[in-house]
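Because only heavy atoms are used, hydrogens play no part in the values below, and waters and symmetry mates are left out as well, while side chains stay in. Convention: sequence-line order gives letters A, B, ...; per-chain numbering from 1.
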Amino acid sequence: MRIFIGVAWPYANGVVHLGHVMGAYLPADIFARYNRMIGNDVLMVSGSDEHGTPVTITAEKEGKSPQEIVDRYHKINSEVMNKLGISFDLFYRTSHENHEKVVKEFFLKLLENGYLYEEEMLLPYCPKCHRFLPDRYVVGTCPYCGYENAHGDQCDNCGRTLDPKDLIEPRCAICNTPTEFRKSKHIFFALSKLEDRLISWIEEKDFWRDNVKRFTYQFLKSGLKDRAITRDINWGVEIPMEGYEDKRIYVWFDAVIGYLSASMEWARRNGKSWENYWKKEAKHFYFLGKDNIPFHTIIWPAMLMAHGDLNLPYNVVANEYLQFSGRKFSKSKKIGVWMPELLDNFEPDMIRFYGAVNMPEHRDFNFTWENFISTINETLVGKYANLVYRILSFAYRNFGEIPPRGDVDELDREALKMIMRTRKKMSEYIENVEFKKAIKEWLELVNFGNIYFTKKAPWTQCKENKEKCGTTINICLQMVQALAVFGAPFLPFSSEKVWKYLGNEDSIFEHQWNEGIKNLPAGRKLKEPEHLFHKIELEEERYEKWNQMDIRVARVKSVEDHPDAEKLYIVKLDLGDDERTVVAGLKKYYSREELEGREVLILYNLEPATLRGVKSHGMLLAGDDGERVALLKPMEDLKPGTKVMANGAEPAGEKTLKFKKFKKMKIEVVDIKENKAIGAEEYTLDFPLRDEWLGKQGVVFHDKKPLILHVGEVLIVPDKRITPGGQVR
RNA sequence: AGCGGGGUGGGGUAGCUAGGAAAUCCCGCCGGGCUCAUAACCCGGAGAUCGGUGGUUCAAAUCCACCCCCCGCUACCA
């Protein structure tokens with residue numbers, strides 16, 4: 001069977017993150033590798049989506065050309081795919097000349113078939129930026145669900161695709177100026193003509209995942225409108241028609257055609273036929289995140305229908321999102337785990353394993369470093385790698401080759417049955433695009449292997465009856481082979497290693513899935529095995545909550561009364577090479593004289609807020625026991641701007657901290673005694689405390705464990721004694 | 001408050017669309033075993049009002065209604 005796999009194109013305005021990998025590239029790759037191993041003819045492509053305004057904006061910001069920007073990210077992201085072992089037949093790019101050629105041809109074909117027409121339209125124009133705004137750069141209220149930050153192309157909230165004109169109170173996303181609408185001539189794609197055909201096509205797809213059906217159904221319910229496929233921009237594919245010299249093809253139209261152009265380019269480079277996949281019988285699978293569903297279940301199929309004689313999607317597999325410690329991954333807000341960095345620190349198979357086990361197939365999954373490390377250390381290394389090594393090293397040392405299988409007993413038969421069962425179950429799950437279930441099935445075999453090995457105790461057998469021991473090891477190696485082969489789509493790098501340890505010379509990927517159950521040839525020499533992975537060692541403990549904080553020492557420069565509020569001061573702070581103005585509710589507790597010139601602590605990365613008309617950039621930290629309020633300060637004066645540490649760890653705190661989030665942090669004033677801190681409860685501090693700190697009051701930040709705040713040898717203290725357990729706010 | 005996603009033993013999860021006898025798996029905890037293996041692995045145990053209330057049903061974690069709580073995006077705010 002021929003299988004075409006299209007994976008959503010990463011936008012070349014940033015670096016791919018773990019959410020993209022777990023949501024699209026990894027499942028696609030597992031699927032591709034599996035299908036190749038069962039003998040299917042697979043073509044898998046993707047590439048960088050390089051056109052559109054976000055790229056031009058980045059370019060403007062950096063004073064570079066758009067091409068330079070996309071070259072940079074294309075290079076980085078290609079490397080990521082490579083290192084991770086995502087086995088694309090081609091990872092292409094939309095700024096390539098052949099892509100542009102294919103898009104133009106596609107465009108003309110649609111024109112010829114009567115699905116394109118010209119119309120003058122009113123377009124959002126920003127008078128301040130002096131340009132027409134692309135849909136994404138108009139924000140406003142969604143007319144369907146009332147969401148106030150809907151983009152002009154799609155509402156992130158309800159998933160409907162929109163036209164900027166639909167938005168209520170549209171404004172420029174860059175400068176927030178209300179947009180004007182100006183006339184401009186554009187080309188429209190007659191989606192509405194295809195409505196009936198689309199509906200009946202989709203009705204057959206009852207095997208699609210629920211989330212895909214739901215999103216698609218929602219989309220259809222609001223009716224299909226014709227869409228403009230050209231824009232007033234200058235970075236994109238030119239329009240092959242007169243009078244459109246200063247316009248370009250709109251990026252969504254151009255990007256999806258990438259599936260076709262990449263196939264053609266692959267065929268051209270390798271002397272193969274792309275028609276085999278697009279015009280002859282072939283099943284088309286698409287892998288993407290849930291935000292991309294309508295483009296793949298409605299728009300792209302409609303474009304293909306309008307084009308004629310090209311294969312439509314067979315299945316569209318969309319995953320949910322990955323969250324980072326409870327927050328949505330976001331390129332712009334820098335929340336998340338970026339692949340280049342991740343790949344610098346961890347082996348690709350570790351990342352792939354974690355990704356497969358936690359794939360967000362049916363619901364969002366929350367990433368935490370703690371979970372990442374424990375999953376890898378305990379399951380992948382502790383159970384799998386350890387099993388493989390204990391078997392291989394035992395076999396190598398005692399036999400040096402594959403021992404023959406003698407008489408088998410009940411347990412041996414069970415082991416062989418387990419292998420068969422794993423093959424069958426994993427096949428079913430993978431073919432049904434349920435990868436999480438598939439790898440869990442594989443883990444069952446790992447588990448069984450450990451039990452089998454322990455029950456058989458070959459180290460004893462070996463002394464008593466070498467032949468029996470040989471049978472046990474033979475079956476163990478059989479399991480190792482099965483794990484390597486069946487695990488290969490998930491863990492290609494380590495499977496390959498295991499394959500070699502088993503005495504094979506060639507690549508595991510030259511073999512078929514079914515060879516996972518093939519009997520090993522007795523007498524074949526084994527290779528000396530090494531550990532597959534090393535456990536992840538924490539160089540230093542990671543403090544998730546503390547890492548979100550950025551607390552610094554500051555000196556009060558001036559204090560003024562807030563013109564509009566009884567309790568508030570406006571405090572100007574010196575932070576060394578920076579200055580800050582904060583609004584503080586301290587009037588009741590401190591006079592202006594008491595504050596001026598003294599040292600305080602500021603929560604530096606708190607999101608700015610306007611308090612009674614005055615903007616506050618951060619907040620002063622003080623302990624409060626209900627009666628008294630005591631500002632925090634270092635025990636000795638320090639250079640303003642110095643960062644506060646907790647148990648020796650300087651916080652990352654690069655991101656803005658939401659006030660809501662800050663309120664969740666537990667920080668309290670404590671009495672310090674030996675290695676104890678007494679606050680609301682008694683805590684044990686495992687950080688070496690200095691003698692001069694004992695008996696003082698200090699401040700504890702509660703993360704996974706209580707952390708004491710200090711700067712080097714200087715303790716952070718409240719400026720007067722308050723009841724221990726007083727909360728810091 | 002609006003929209004979306006959730007609430008299952010201490011933590012994280014499976015099961016929920018097609019209701020059925022002992023609620024899955026991983027970690028942690030307690031006790032034991034083994035020594036081939038990366039303090040690993042194996043066995044046993046404790047531990048769950050399946051967020052709450054009401055309903056449908058012979059039978060509900062699973063279906064329906066209402067409510068509570070948590071998370072994200074908004075709004076408010078020190």
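- Distances from the side chain of A:Phe453 to the nucleotides B:G12, B:C36, B:U38 place B:C36 closest.
- Here the closest non-hydrogen pair linking A:Ile570 and A:Pro563 is CD1-CD, 3.9 Å.
- Of the inter-residue distances, the one linking A:Phe399 atom CZ with A:Leu477 atom CG reads 9.0 Å to the nearest 0.5 angstrom.
- One interatomic measurement links the two molecules: CD of A:Gln461 to P of B:U35, which rounds to 13 Å at whole-angstrom precision.
- Under the 3.5 Å distance criterion, the side-chain polar atoms of A:Lys437 are left unmatched by any main-chain donor or acceptor of A:Lys425.
- A salt bridge links A:Glu441 with A:Arg421: at least one charged nitrogen is closer than 4.0 Å to a carboxylate oxygen.
- When the C1' atom of B:A14 is taken as reference, atom CG of A:Leu443 falls 14 Å away, rounded to whole Å.
- The side chain of A:Lys436 places an N or O atom within less than 4.0 Å of a non-bridging phosphate oxygen (OP1 or OP2) of B:A14.
- Remark: ring of A:Trp459 overlaps the six-membered base ring of B:C36 in a stacked fashion, centroids less than 5.5 Å apart, planes less than 30° apart.
- As a whole-Å value, the separation of A:Asn386 CG from B:U38 P is 7 Å.
- At the heavy-atom level, A:Ala584 lies nowhere under 4.0 Å from the strands shown.
- One atom, CD of A:Glu361, and another, C1' of B:U13, lie 14 Å apart when rounded to the nearest Å.
- If you take atom C1' in B:A18 and the same atom in B:A22, they sit 23 Å apart, rounded to whole Å.
- Side-chain proximity of A:Ile451 to B:G15, B:C43, B:U38: nearest is B:C43.
- Pair assignment for B:U38: none, as no Watson-Crick or G-U wobble contacts are both less than 3.5 Å.
- A:Met359 has its CE atom 23 Å from the P atom of B:C25, to the nearest Å.
- Of all heavy-atom pairs spanning A:Leu520 and A:Gln478, the tightest one is N-OE1, 3.3 Å.
- A distance of about 16 Å separates the P atoms of B:A59 and B:G54, rounded to the whole Å.
- When both distances must be under 3.5 Å, the Watson-Crick or G-U wobble mate of B:G20 is B:C58.
- Considering only the side chain of A:Thr454, B:C41 comes nearest among B:C27, B:G15, B:C41.
- OP1 or OP2 of B:G12 has not a single side-chain nitrogen or oxygen of A:Asn358 nearer than 4.0 Å.
- When both distances must be under 3.5 Å, the Watson-Crick or G-U wobble mate of B:G44 is B:C30.
- Listed nucleotides: B:C27, B:C41, B:U38. Nearest to the side chain of A:Arg390: B:C41.
- On the P atoms, B:C67 is 27 Å away from B:G11, given to the nearest whole Å.
- Nearest nucleotide to the side chain of A:Lys383, out of B:C41, B:C36, B:U13: B:C41.
- Taking only side-chain atoms of A:Glu378, from C-beta outward, the nucleotide of B:U38, B:C36, B:C27 with the closest atom is B:C27.
- In terms of heavy-atom proximity, A:Asn377 sits nearest to A:Ile536 at OD1-N, 2.8 Å.
- A salt bridge links A:Lys525 and A:Glu401; the closest N-O separation between the charged side-chain nitrogens and carboxylate oxygens is under 4.0 Å.
- Rounded to a whole angstrom, the distance from the C1' atom of B:G44 to that of B:G12 is 23 Å.
- B:C41 and B:U35 are spaced 10 Å apart, taking the C1' atom of each and rounding to whole Å.
- As rounded to the nearest Å, B:C25 and B:A14 have C1' atoms that lie 7 Å from one another.
- Comparing the same atom, C1', in B:A23 and in B:C16 gives a spacing of 12 Å after rounding to whole Å.
- Comparing B:U38, B:C42, B:C26 by their nearest atom to the side chain of A:Asn450 picks out B:C42.
- For B:U49 and B:G6, the P atoms lie 23 Å apart once the distance is rounded to whole Å.
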